[in-house]
Student: 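A single structure is presented below for examination.
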Amino acid sequence: MSNAIEIEGLRKVYAGDGRTPEKVALKGLDLTIPTGSIFGLLGPNGAGKSTTINIMAGLVRKTAGKVRIWGFDQDVNPRQSRAAIGVMPQELNLDPFFTPEGALEVQAGLYGVPKRDRRTAEILDLVGLTDKADAYARTLSGGMRRRLLLAKALVHHPQILVLDEPTAGVDIELRQMLWRNVRRLNQERGMTIILTTHYLEEAQEMCDEIAIIGEGELIVRDRTENLLNRLDGKTLVVMPDADPGEFAVPQGVDVARRPDGSIALTYSKSKTSASEVLAAVNAAGVGIDDVRTEEPDLEDVFVALTHRD
Ligand code: ADP
Ligand code: MG
């Protein structure tokens, strides 16, 4: 299977009621997600990320379009397409009267996992909840609840794991624990991972491929490294051994002084080279103690793509 998910012309219109008008959340989205990847779905609030994910998971009914999960058309084989995917939702919706162990057993039952195939203890261990197996959900901390949601997404051994904003408002320790788990599931079990996140740094670090959506439409989809290469801007940060004062730079180079005494020279890779920029600093008659480059990050790509006129 080369693509874990194939989406064509996906539309979603949420019907309005008396007070709220109808809302077109997805305007004909096309998206393929390669098997075995860690795939990031990014976009500003209200872009349609959760809607897309919830449609994939069979939790929200699409208005139009085709969705194939693990090769199964959602409309033709709804049961198989649901079985291939596990979702950790954005909302913390847990029944307060179940223990983690009970919640996993119920979830396994819902997915028709026979008793002999259940891996409740193993999954609790994976998310670090073994010693809370018998605690009531309402006594669990926010972090533990999130880990339980991850565990619930795994009970039916899905090939595809979807995480909707898993680290929003989560402390750094839990965040690292979640990412360690996700990486292991990807590397050791070949699980395809799809995640949405607000933290671009996180997406840049975790994801092989990224799709950015805005207002229900695909803006760009590419390998993370290609996205980063799309930006032409580059910054050279030079630490001079003395204040050079005003000095001449090639046309188009932007000079900014930083509080630590270094000088940031931002230029366009296609118009100027690093050696030309350095030569300009040398010509000012000062020595250079240190020099480093700053590559554009996903934040820059995001701003460039979602705020274009
Ligand atoms: P994201 O996850 O990218 O923030 P969502 O998919 O949650 O975006 O929402 C996309 C759009 O659809 C938003 O304008 C949101 O207000 C609207 N929307 C989401 N869920 C519902 C719903 N159940 N009823 C009506 N509108 C909704
Ligand atoms: Mg969302």
Side-chain angles (χ1 to χ4, degrees), residues 5-33 37-67 69 74 85-94 142 145-146 149-150 153 160-170 175 178 182 193-207 209-222 224 227-228 230-231 296-309:
I5 305 263
E6 289 174 348
I7 289 175
E8 273 168 46
L10 186 61
R11 266 180 72 76
K12 174 64 188 178
V13 183
Y14 287 106
D17 58 23
R19 280 170 303 166
T20 48
E22 71 166 30
K23 171 77 201 176
V24 182
L26 296 174
K27 302 173 182 167
L29 187 71
D30 296 325
L31 189 63
T32 55
I33 298 181
S37 61
I38 300 186
F39 192 95
L41 192 57
L42 310 184
N45 245 330
K49 304 181 295 294
S50 293
T51 300
T52 306
I53 277 178
N54 290 334
I55 290 172
M56 287 178 198
L59 301 170
V60 165
R61 186 188 286 271
K62 64 183 189 287
T63 305
K66 280 238 159 293
V67 176
I69 313 280
Q74 212 176 38
I85 198 165
V87 181
M88 177 176 169
Q90 190 170 358
E91 312 290 329
L92 282 174
N93 55 345
L94 285 170
R145 287 174 198 213
R146 267 181 209 275
L149 287 177
L150 173 61
I160 305 164
L161 174 65
V162 179
L163 309 141
D164 197 0
E165 309 260 358
T167 55
V170 149
R175 213 193 257 206
L178 277 169
V182 164
I193 312 281
I194 303 165
L195 60 98
T196 73
T197 175
H198 261 71
Y199 303 108
L200 296 177
E201 218 177 295
E202 192 166 87
Q204 186 170 332
E205 198 192 316
M206 289 291 297
C207 301
E209 305 212 18
I210 284 173
I212 299 178
I213 61 173
E215 296 182 9
E217 288 177 298
L218 185 69
I219 296 173
V220 70
R221 176 200 179 290
D222 210 336
T224 308
L227 275 180
L228 297 173
R230 278 183 192 219
L231 286 191
D297 62 16
L298 201 52
E299 181 102 35
D300 302 321
V301 177
F302 197 73
V303 168
L305 289 169
T306 54
H307 296 265
R308 61 183 171 195
D309 291 321

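What's counted below: heavy atoms across the whole structure, side chains too, no hydrogens, waters or symmetry copies.
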Student: Taking C-beta and beyond as the side chain, do Arg221 and Thr32 meet within less than 4.5 Å on heavy atoms?
Tutor: yes
Student: Can you list the residues that meet the side chain to side chain donor-acceptor pair (under 3.5 Å) rule with Thr197, with sequence neighbours excluded?
Tutor: Glu202
Student: Let me confirm one number: the CD1-CG distance from Ile7 to Leu29, rounded to the nearest 0.5 Å.
Tutor: 6.0 Å
Student: What's the separation between atom CD1 in Ile193 and atom SG in Cys207, rounded to the nearest 0.5 Å?
Tutor: 10.0 Å
Student: Side chains of Leu227 and Val220, heavy atoms from C-beta outward: is any pair under 4.5 Å?
Tutor: yes
Student: Before you tell me yes or no, could you show the steps for Leu161 and Ile194 under side chain to side chain contact (heavy atoms under 4.5 Å, CB included), namely the whole-Å CA-CA distance, both residues' side-chain angles and the distance that decides it to 0.1 Å?
Tutor: CA-CA 6 Å; Leu161 174 65; Ile194 303 165; over 6 Å; no
Student: Do you know the tightest heavy-atom contact between Pro89 and Val87?
Tutor: CD-O, 3.4 Å
Student: Any pair with a residue in residues 5-14 that passes salt bridge (Lys or Arg N to Asp or Glu O under 4.0 Å), sequence neighbours left out, goes on the list, sorted by first then second residue, please.
Tutor: Glu6-Arg68, Glu8-Arg68
Student: Give every residue pair that meets the side chain to side chain donor-acceptor pair (under 3.5 Å) criterion with at least one member in residues 15-24, sequence neighbours excluded.
Tutor: Asp17-Thr20
Student: How far apart are the C-alpha atoms of Val162 and Leu41, what are their side-chain angles, what is the distance that settles it, and do they pass the side chain to side chain contact (heavy atoms under 4.5 Å, CB included) test?
Tutor: CA-CA 10 Å; Val162 179; Leu41 192 57; over 6 Å; no
Student: Could you state the interatomic distance from CZ (Arg146) to CD (Glu165), rounded to the nearest 0.5 Å?
Tutor: 9.0 Å
Student: Mind listing the side-chain donor-acceptor pairs of residues 44-58 below 3.5 Å, one per line with the distance, residues two or more places apart or on another chain?
Tutor:
| residue | atom | partner | partner atom | Å |
| --- | --- | --- | --- | --- |
| Lys49 | NZ | Gly43 | O | 2.8 |
| Lys49 | NZ | Pro44 | O | 3.1 |
| Ser50 | OG | Gln90 | OE1 | 2.8 |
| Ser50 | OG | Asp164 | OD2 | 2.6 |
| Thr51 | OG1 | Tyr14 | OH | 2.9 |
| Thr52 | OG1 | Gly48 | O | 2.7 |
| Asn54 | ND2 | Ser50 | O | 3.2 |

Student: Taking all non-hydrogen atoms of both residues into account, name the closest pair between Phe39 and Ile210 and its distance.
Tutor: CZ-C, 4.3 Å
Student: Within the side chain of Thr224, is there an N or O that forms a donor-acceptor pair under 3.5 Å with the backbone of Gln204?
Tutor: no
Student: Quick check: do Ile33 and Ser37 have side-chain heavy atoms less than 4.5 Å from each other?
Tutor: yes
Student: Do Asp222 and Glu209 make a side-chain contact, defined as non-hydrogen atoms from C-beta onward lying under 4.5 Å apart?
Tutor: no
Student: Apply side chain to side chain donor-acceptor pair (under 3.5 Å) to Lys66 and list each qualifying residue two or more places apart in sequence or on a separate chain.
Tutor: Asp73
Student: Return the set of residues passing side chain to side chain contact (heavy atoms under 4.5 Å, CB included) with Lys27 (not counting sequence neighbours), or none when no residue passes.
Tutor: Val24, Glu215, Glu217
Student: Do Leu150 and Leu178 come within less than 4.5 Å of each other through their side chains, counting heavy atoms only?
Tutor: yes
Student: On a heavy-atom basis, which atom in Asp30 and which in Leu218 lie closest, and how many Å separate them?
Tutor: O-CD2, 3.5 Å
Student: Would you give the length of the straight line joining atom CD1 of Ile85 to atom CD of Gln74, rounded to the nearest 0.5 angstrom?
Tutor: 8.5 Å
